[in-house]
There are 2 protein chains.
Amino acid sequence: MARELQHGATIWDVARKAGVSITTVSHSLNGKGNISDATRERVRSVAAEMGYVADAMARGLRNSRMNAIGLVFRSLDSLGNYGPNGVDVFMKLAGAAAAETLNRNLGLMLVPDLTRAPLPPFSLSLDGYIVFAPHLDDPVIALLEKRGIPYVSWDRDPGRPGFRNWVAHDDAASTLIVLDHLAAAGAVSIAYVGGTDRNAWNFDCEAAYVAWCLEAGAEPRIHHVPERDGVEGGQEVGARILADGLPGAVFCLTGRHATGVAQAMQERGFSIPGDVLVCTGSDSEHSRQHQPPISALDVDIPAAAAALVQQLVDVMDGAKEPAPVLLPARFLERESTRPQTTPSR
Amino acid sequence: MARELQHGATIWDVARKAGVSITTVSHSLNGKGNISDATRERVRSVAAEMGYVADAMARGLRNSRMNAIGLVFRSLDSLGNYGPNGVDVFMKLAGAAAAETLNRNLGLMLVPDLTRAPLPPFSLSLDGYIVFAPHLDDPVIALLEKRGIPYVSWDRDPGRPGFRNWVAHDDAASTLIVLDHLAAAGAVSIAYVGGTDRNAWNFDCEAAYVAWCLEAGAEPRIHHVPERDGVEGGQEVGARILADGLPGAVFCLTGRHATGVAQAMQERGFSIPGDVLVCTGSDSEHSRQHQPPISALDVDIPAAAAALVQQLVDVMDGAKEPAPVLLPARFLERESTRPQTTPSR
DNA sequence: CAGCTACACAAAAACGTTTTTGTTCCGTAC
DNA sequence: GTACGGAACAAAAACGTTTTTGTGTAGCTG
């Protein structure tokens with residue numbers, strides 16, 4: 001049952017039917033060259049009637065532009081898991097970016113990992129890349145640099161201070177918002193749980209936490225768990241935190257760690273938010289579904305996607321001098337950090 | 001500041017450096033032709049050393065295979081919203097499909113809408129398509145058929161009974177699971193709320209509901225709300241349902257409708273699950289975040305993605321005779337349908 | 001009326017592959 | 001000693017565009 005791949009009409013078919021050369025067809029459709037209005041219109045109607053669409057690969061081959069960009073998720077790569085429960089930020093971003101690229105008549109390609117061989121077929125032919133959460137000295141970025149492929153990143157690569165084509169949340173400001181909120185809710189001692197990926201998010205939030213503690217005269221209580229350890233890792237660190245004494249609040253960067261910490265606390269008989277507050281810097285399915293639901297920093301995904309695509313297009317056009325874009329974050333207060341109104345016992 | 005787009009090495013560069021013709025390079029790398037082992041190995045090492053990767057567009061132009069497939073979300077198109085809150089199923093599927101295609105060395109392209117002009121550039125050059133939730137007589141499918149582009153769909157197109165390249169949940173069985181569960185939890189009269197999109201999901205679930213009512217000797221109570229009306233639409237239909245008398249349970253196909261229905265009930269002083277049970281056939285952020293959390297049918301996204309990609313590859317290769325794949329669904333019991341254990345007042 | 005310009009279009013080159021068809025060399029059989 | 005065949009490679013065509021260069025005609029100038 002060999003499938004008959006019937007290719008669409010080519011530029012030759014259109015030329016023949018319109019009684020002109022292929023040059024004229026190309027020029028007519030692309031608004032170039034010197035064609036009389038009558039001819040141009042006739043060619044256009046013939047093309048439309050035949051449903052002619054220029055072959056993307058031939059066009060791309062000719063002018064080395066394929067009108068598509070790539071989206072690569074670095075932190076997901078390190079998580080080794082693309083069927084994500086709890087990392088839905090990434091997938092929402094993909095959807096928002098797809099909508100944004102459509103408006104600019106660009107395709108969006110999901111590229112899982114650029115460093116793993118064999119390379120996804122035409123990952124290197126794409127016009128540009130959005131790199132989500134690059135690591136320190138990220139090899140994917142090194143590859144893109146070497147190939148001269150334009151890119152922007154969500155969060156900066158901490159190892160490339162001179163690079164300015166990135167969009168990110170203002171992690172320092174966000175961290176302060178969270179810590180101030182926890183303090184206002186009555187927490188005196190606030191523990192911090194970060195990941196081990198060496199990315200700007202981990203670095204900046206921790207730095208902001210340390211600065212805040214210094215300011216507040218509090219002793220920093222910093223813990224690290226590998227991102228991939230997920231909820232279980234959170235449970236372990238929860239135990240470690242308790243070993244040092246019950247804090248007033250725990251701020252975990254990832255939603256899965258926060259969920260694990262909350263579980264550890266609750267298993268040991270502490271109530272949330274009665275005895276200890278818990279919140280996360282990154283919302284996830286886990287944090288939403290937990291009982292009580294866990295407060296989180298919220299991300300305006302469509303705005304982030306729009307900023308990233310806009311910046312990438314700017315870079316590809318070489319139009320503007322690049323400048324980082326900082327987006328504000330919003331704190332989503334849920335029950336886990338809400339001052340108690342109804343008596344729990 | 002014109003960016004210097006430095007193209008990678010071409011097959012000519014490799015040929016020159018290895019002292020052979022481009023034919024020999026191509027054959028060496030692709031394991032074709034009649035090349036001595038010594039030459040083949042030498043060419044390969046030269047190519048590797050230069051970091052040569054065959055240009056995807058030239059290769060695609062030559063053998064009309066671009067090694068990438070498209071993913072198009074029909075129901076999202078009708079929802080007109082790609083920054084989805086409450087439709088995260090789609091984005092998870094995209095991630096899972098991306099992982100699945102990588103394993104097969106295929107690229108995955110997100111294509112928002114194939115019928116809107118201007119067409120995304122090389123949407124028609126892709127090797128195949130996964131169509132998510134096609135409508136009745138879906139124009140996207142018609143376009144793919146006309147162009148001879150292979151495709152598989154998630155859910156069948158109800159207007160194409162002969163087409164067999166689809167993967168879906170067993171909607172009839174799932175509906176019965178839900179209804180039986182509601183009945184077991186004590187609901188006597190069960191209202192049904194479906195969408196207005198003319199897709200198989202709506203059709204099959206409603207048919208199963210009607211059959212179940214017939215069997216149980218109950219009067220069907222069917223309501224419809226446009227998918228795009230979301231939570232507000234659910235609130236309205238909730239009011240309509242109450243106008244006919246409080247049912248024992250309401251089964252809403254979409255999570256956003258279910259949320260709206262639950263809100264309407266609660267605003268009027270009815271407790272969930274105390275006075276009325278509510279559940280949904282499609283989990284969403286809304287249904288999870290609602291208080292109480294709303295029970296839902298759960299979808300094994302990675303399994304669905306794997307099945308879809310596998311089937312599409314089969315179709316593209318023309319290998320196997322196509323056959324529909326039916327996946328089982330799982331019922332996620334949450335508080336909204338759980339028999340009460342703690343007294344609520 | 002020669003020469004120039006502008007116009008409207010056509011021919012051909014180029015993009016980087018893969019594949020089909022040639023070519024050369026060498027060993028072997030008749 | 002000529003014919004044959006296979007091994008190892010090279011040349012060239014083809015994929016469908018875009019863009020550069022070319023060509024012929026008409027209108028205008030001096």
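Below, chains carry the letters A, B, ... as their sequence lines are ordered, and counting in each starts from 1.
For A/Asp37 and C/dC7, the CG to C1' distance is 13 Å, given to the nearest whole Å. In this structure, CZ of A/Arg59 is placed 9 Å from P of D/dT19, rounded to the nearest angstrom. With rounding to whole Å, A/Met66 atom CE is found 15 Å from D/dT18 atom P. The CH2-P distance, from A/Trp12 to D/dC15, rounds to 11 Å in whole Å. A straight line from CG of B/Leu61 to P of D/dT18 spans 12 Å, rounded to a whole angstrom. To the nearest angstrom, P of D/dA14 lies 15 Å from CD1 of B/Ile22. As a whole-Å value, the separation of B/His27 NE2 from D/dA7 C1' is 14 Å.
Counting any heavy atom pair closer than 4.0 Å across all strands shown, B/Ser26 reaches a base atom. Within 4.0 Å of A/Ile35, counting heavy atoms only, lie sugar-phosphate atoms of the nucleic acid but no base atom. Residue contacts for B/Thr10: at a heavy-atom cut-off of 4.0 Å it reaches the sugar-phosphate backbone alone, with no base atom in range.
Residue A/Asn34 has its side chain nearest to C/dC7 when only C/dA10, C/dT18, C/dC7 are considered. In this structure, of C/dC9, C/dA10, C/dT17, it is C/dT17 that holds the atom nearest to the side chain of B/Arg62.
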Practice problem: Run the numbers on B/Asp317 and B/Arg65 for salt bridge (Lys or Arg N to Asp or Glu O under 4.0 Å), then give the verdict. | Solution: CA-CA 12 Å; B/Asp317 294 346; B/Arg65 259 220 160 213; 3.6 Å; yes

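With hydrogens and angles ignored, no donor-acceptor pair closer than 3.5 Å exists between the side chain of A/Thr24 and the base of C/dA10.
Within 6.0 Å of the CG atom in A/Asn103, the count of heavy atoms belonging to other residues, nucleotides or ligands exceeds 12.
Mapping B/Ala58 and B/Thr39 onto DNA chain D by nearest heavy atom places B/Thr39 closer to the 5' end of the strand.
Phosphate proximity of C/dT18 to B/Thr23: absent, as no side-chain N or O sits under 4.0 Å from OP1 or OP2.
Considering A/Phe73, A/Trp166, A/Trp201 in turn, A/Phe73 is the only one that fulfils the ring-ring contact (aromatic ring centres under 6.0 Å, His included) rule with A/Phe132.
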